[in-house]
Amino acid sequence: MTALPPCPKCNSEYTYEDGDQLVCPECAHEWKAGEKADGGDDARVIKDSVGNLLQDGDTITVIKDLKVKGSSLVVKVGTKVKNIHLVDGDHDIDCKIDGIGAMKLKSEFVRKV
Ligand SMILES: [Zn+2]
């Protein structure tokens, strides 16, 4: 038996097939197999260290001391960073930090404010 995808609305795993539809018994959501929730699922989902969704323009704080590559500077834990920009890659946050300049951070080391 193939595993059915979880409900796109409530994430319930107890979805079942009804004809060409998938049905969620928990929130009564019905959708067509293969259809994505809310149309278009292309946007990259980047979450902070505690699972908050990050978006361009968000303000975050750094949750651990981070060495700045190629310098002796350290971004101290608690540093507030405004107006982040999400990018692709290992370091998925592009930002500008006061006193340091433009740099990239990993979303796992930040927390949304
Ligand atoms: Zn559901």
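Order of listing sets the numbers, starting from 1, for every ligand and every atom in it. Hydrogens, waters and symmetry mates are skipped; everything else that's a heavy atom, side chains included, is used. Quick caveat, the model's predicted, so the values are computed rather than measured.
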(message) In the structure I gave you, are the side-chain heavy atoms of L54 and S107 within less than 4.5 Å of one another anywhere?
(response) yes
(message) Return the NZ to NZ distance between K64 and K76, rounded to the nearest 0.5 Å.
(response) 13.0 Å
(request) For atom CD of Q21, decide whether the heavy atoms of other residues, nucleotides or ligands shown that lie under 6.0 angstrom number more than 12. (result) yes
(request) Salt-bridge test for K106 and D90: reply yes if a basic N is under 4.0 Å from a carboxylate O, no otherwise. (result) yes
(message) Between K112 and D48 (salt bridge meaning N to carboxylate O under 4.0 Å), is one present in this structure?
(response) no
(request) Find the distance between CG (D94) and CG (D88) and round it off to the nearest 0.5 Å. (result) 11.0 Å
(request) Around the Zn ion (ligand 1), list the protein N/O/S atoms within a radius below 2.8 Å, excluding water molecules. (result) C7 SG, C10 SG, C24 SG, C27 SG
